[in-house]
Each structure stands twice: as structure tokens, then as C-alpha cells.
Amino acid sequence: MQAFTKQFISEELRRRFSKANNVLVLSGAGVSAESGVPTFRGGGDSAVWKGMPFRVISSAGMVERELPEVWEWFNYRRGRLASLKPNAAHETIARWQDRFDTLGLVTQNIDGLHQAAGSRDVIELHGSIWRARCCDCNARHNVRELKFDNGVPGCFDCGGHLRPDVVLFGEMLPTGAFELAAMKAESCELCFVVGTSAVVYPAASIPEIARAAGAYVVEVNPERTPLSDLCDEVLMGKAGEILPMFETLSHKEAQKAQNNFA
Ligand code: BJW
Ligand code: ZN
């Protein structure tokens, strides 16, 4: 395992990882794949719902025209996600909070698994499947424990129609979320891009911003993406297998530093 780690993670990346103070992670559906969450693209089975491609059902127009169907699709997914647990990738990223002075975590995922693993202050660019938002008064409600299998649930404050508090195609991101993520991208030294196809904007511009500001950008994905050529390193493989390798490495580096000091 250690010999493999040594070969797989370059000397340059080992050095940067052990010295970095400010690290940013951008995650996508692939980080949750090993927990059993279906990805959207590349044959993931969130790709189609009742014959409708997800880019149609997960679109602003559907909320306006077919809100009960949108709820049916989200209730189905809530049911599938309810029992899923964070995997080794979520857990490693959560531990990086103690490893680095500053660890920013920006996710496109709506599943809440980073938080379940212990990550704090997660920037959720595309919202959360566990919240609903009122179409009338804009109030947000935690609906994690609630079951409403039929029709459109009513707002607990004003009785208006609730919708899933997620960002669909053609909708704006939550106020300030992208700006905060972009600020973190501008100041980080090392940026990990984990499990995203990097085709959805503006999320996919976060690593571009980090790279333009001088960060070392590392992609973790079993497949190449449109971002791969921009990255300083591409670690091809599953997030749940690759990210834990950095833990071995950081412990080893810490030990080395301690030995040098003693
Ligand atoms: C593994 C793995 C393992 C597998 N380990 N890896 C600029 C240029 C072009 C278009 C636009 C642009 N700016 C805006 C747009 C339009 C649009 C967009 O980007 N379209 C492109 C697709 C062409 N963007 C928007 O509409 C955004 N809004 C916006 O920009 O507002 C301003 C505006 C408003 C009005 C008009 C104009 C501008 C909003 C985007 C919202 C995206 N929403 C969704 C659905 C959320 C709700 C739901 O769940 O239903 O978010 S789409 C879907 O894609 C979901 C995801 O968060 C998002 C990204 O997907 P992700 O995470 O990358 O997953 P996959 O499945 O694509 O990839 C998985 C990856 O994991 C793969 O690479 C695998 O290889 C890998 N993998 N196993 C590691 N074990
Ligand atoms: Zn309301």
C-alpha cells in the first residue's frame, strides 16, 4: 500500500500537501458514488426518471409547470438517500479540517453526506434535498424527517406551495454561495476537484479560478473530464480509495517532521 501510495502521488504533490495551509475541495456526485448515491452522467441511474432525462425533470420549467411530478422525483430520491452513509472519501475530507489551517469545502451535492461525515461550513452550491423552500414567502424548512408522498406540501408559515430547496437548471445559485466559493478558490494553495464531470457551471469555474490565482489543482476521478487538461495532476481512480492515501502520507510526513525535530 505504501509503495503504491509513493508511486501514485507525485513527490511534488506530497511536498505541497505536507506544506499547505489553505486547501479547497470541490466535490461532485462521484464522491458519494461509493455510498450508493447514483451519479447523473455516464450511466448513473439518476439520469432518467420515468423516461424523462434529469436535465428536463431537474429544470426550473418543471417546477413552474409540474410541481407534483418534481416532488414525486425528489421523494423517490429522498427515500433512496435516507439510509445511505458517508464513505471513506467524505470521512477523509472531514478529517482534513484538523489537518489544515483553512479547509474550504464546496459541494455540488445535495445529499448532506459531507455534513454527516462531520464536515462543517460546507458551501452547498446546489442546495439540499433535505430542505424545502416556499414558492410564496421563500421560507426554508427542514423536511428530512417528513414524509409527504402525495402532491405538493404546504408551507408551515404561510400555507403556500413548497418546492425542493435545490438549484435546478436555469436557476440562480443561493445568494452569496458562488461568491464565497470563488473567494476561497482565489486564496487556496491546493485545490482538489473530486468526483465531478465538471460540465455544470458556474461550479466548474471554481477550479479554473483557483488555477488562475496560482493554486495547484488536483483532480480525483476514474474518468477524465473537460477540466483534466487544466489540472496540475489527475489521480485516476475512486475517491474512496485515493483520498485515504493522503492520510497515510500526512501521518508519515508528520512523523518525519517530528523525527527531524527530535
Ligand atoms: C467518481 C466516482 C468515484 C464516479 N470517485 N469520482 C456557462 C456555460 C454553459 C452553460 C452555462 C454556463 N453558466 C450557466 C449555464 C447553464 C447551466 C449549465 O451549466 N449547463 C451546462 C450543463 C451546459 N447552469 C445552470 O443553469 C446553473 N445556474 C446558473 O448558472 O444560474 C445563472 C443563470 C440563470 C439563468 C440563466 C442563465 C444563467 C444551475 C446549475 C444547477 C445544476 N443542478 C443539478 C441538479 C440539482 C438538483 C437535482 O439533484 O436534481 O445539479 S444538475 C446535476 O449536475 C446536479 C449536480 O450537482 C451537477 C453536477 O454533476 P456532477 O456532480 O459533476 O455529477 P456527474 O454525474 O455529472 O459526474 C459524476 C462524476 O463522478 C463523473 O465524472 C464520474 O467519472 C465520477 N465518479 N464514481 C470519484 N467513486
Ligand atoms: Zn411560505
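Quick note: residue numbers are just sequence positions, from 1. Computation of the quantities below employed the complete heavy-atom set of this structure, encompassing side-chain atoms and omitting hydrogens, waters and symmetry-equivalent molecules. When a ligand or atom number is given, it counts from 1 through the structure's own listing order.
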For this session: Look at Glu124 together with Arg131 and state whether they make a salt bridge at an N to O cut-off of under 4.0 Å.
Result: yes
Exercise. So between Arg224, Arg77, Glu219, whose heavy atom ends up nearest atom 49 (O) of ligand 1?
Worked result: Arg77
For this session: Please say whether Leu173 places an N or O atom under 3.5 Å from an N or O atom belonging to ligand 1.
Result: no
Exercise. Are more than 12 heavy atoms from other residues, nucleotides or ligands located less than 6.0 Å from atom CE of Met183?
Worked result: no
Seminar exercise, completed: Nearest heavy atom to atom 27 (C) of ligand 1, choosing from Trp49, Tyr201, Phe169, belongs to Tyr201
Exercise. Are any of the N or O atoms of Val31 closer than 3.5 Å to those of ligand 1?
Worked result: no
Seminar exercise, completed: Closest to atom 1 (C) of ligand 1 (heavy atoms only, candidates Ser32, Ser128, Pro226, Pro222) is Pro222
Problem set entry | For Glu223, atoms of ligand 1 separated by under 4.0 Å from a heavy atom | 75 (O)
Problem set entry | Salt bridge present between Glu11 and Arg14 (N-O < 4.0 angstrom) | yes
Problem set entry | Inter- and intrachain pairs under salt bridge (charged side-chain N to carboxylate O under 4.0 Å, His left out), touching residues 57-74, at least two apart | Lys50-Glu72
For this session: Report, in ascending order of atom number, the atoms of ligand 1 lying under 4.0 Å from any heavy atom of Glu171.
Result: 27 (C), 28 (N), 29 (C), 31 (O), 39 (C)
Problem set entry | Ring centres under 6.0 angstrom apart (Phe17, Phe100) | yes
For this session: Locate the shortest heavy-atom distance separating Ser58 from Trp73; write the atom from each residue and the value.
Result: OG-NE1, 3.2 Å
Problem set entry | Sub-2.8 Å protein N, O or S atoms surrounding the Zn ion (ligand 2) | Cys134 SG, Cys137 SG, Cys155 SG, Cys158 SG
Problem set entry | Arg16 bridged to Glu233 by N-O distance under 4.0 Å | no
Problem set entry | Atoms of ligand 1, numbered as shown, that sit under 4.0 Å from any heavy atom of Glu34 | 3 (C), 5 (N), 80 (N)
For this session: Please identify which atoms of ligand 1 are closer than 4.0 Å to at least one heavy atom of Gly170.
Result: 25 (C), 26 (O), 34 (C), 35 (C)
For this session: Heavy-atom contacts with Phe74 under 4.0 Å: which atoms of ligand 1 show up? List them by number with element.
Result: 48 (C), 50 (O)
Problem set entry | CG on Leu180 to CG on Leu173, rounded to 0.5 Å | 12.0 Å
Exercise. What atoms of ligand 1 come within less than 4.0 Å of a heavy atom belonging to Thr39?
Worked result: 66 (O)
In residues 138-145, what donor-acceptor pairs under 3.5 Å come from side-chain atoms, sequence neighbours left out?
residue	atom	partner	partner atom	Å
Arg140	NE	Asp165	OD2	2.8
Asn142	OD1	Arg144	N	2.8

Exercise. So is Gly240 in contact with ligand 1, going by heavy-atom distances below 4.0 Å?
Worked result: no
Exercise. For ligand 1, is there an N or O atom under 3.5 Å from any N or O atom of Gln108?
Worked result: yes
Exercise. Is the number of heavy atoms from other residues, nucleotides or ligands within 6.0 Å of NE2 (His126) greater than 12?
Worked result: yes
Exercise. Looking only at non-hydrogen atoms, which of Val167, Leu235, Thr196 approaches atom 45 (C) of ligand 1 most closely?
Worked result: Val167
For this session: Answer yes or no on whether Arg77 is positioned over the face of Phe74, meaning its NZ or CZ is under 6.0 Å from the six-membered ring centre and within 45° of the axis.
Result: yes
Without placing hydrogens or testing angles, list every side-chain donor-acceptor pair under 3.5 Å for residues 21-29, not counting sequence neighbours.
residue	atom	partner	partner atom	Å
Asn22	ND2	Ser187	O	3.2
Ser27	OG	Thr107	OG1	2.7
Ser27	OG	His114	NE2	2.8

For this session: Check whether any heavy atom of Glu241 sits under 4.0 Å from an atom of ligand 1.
Result: no
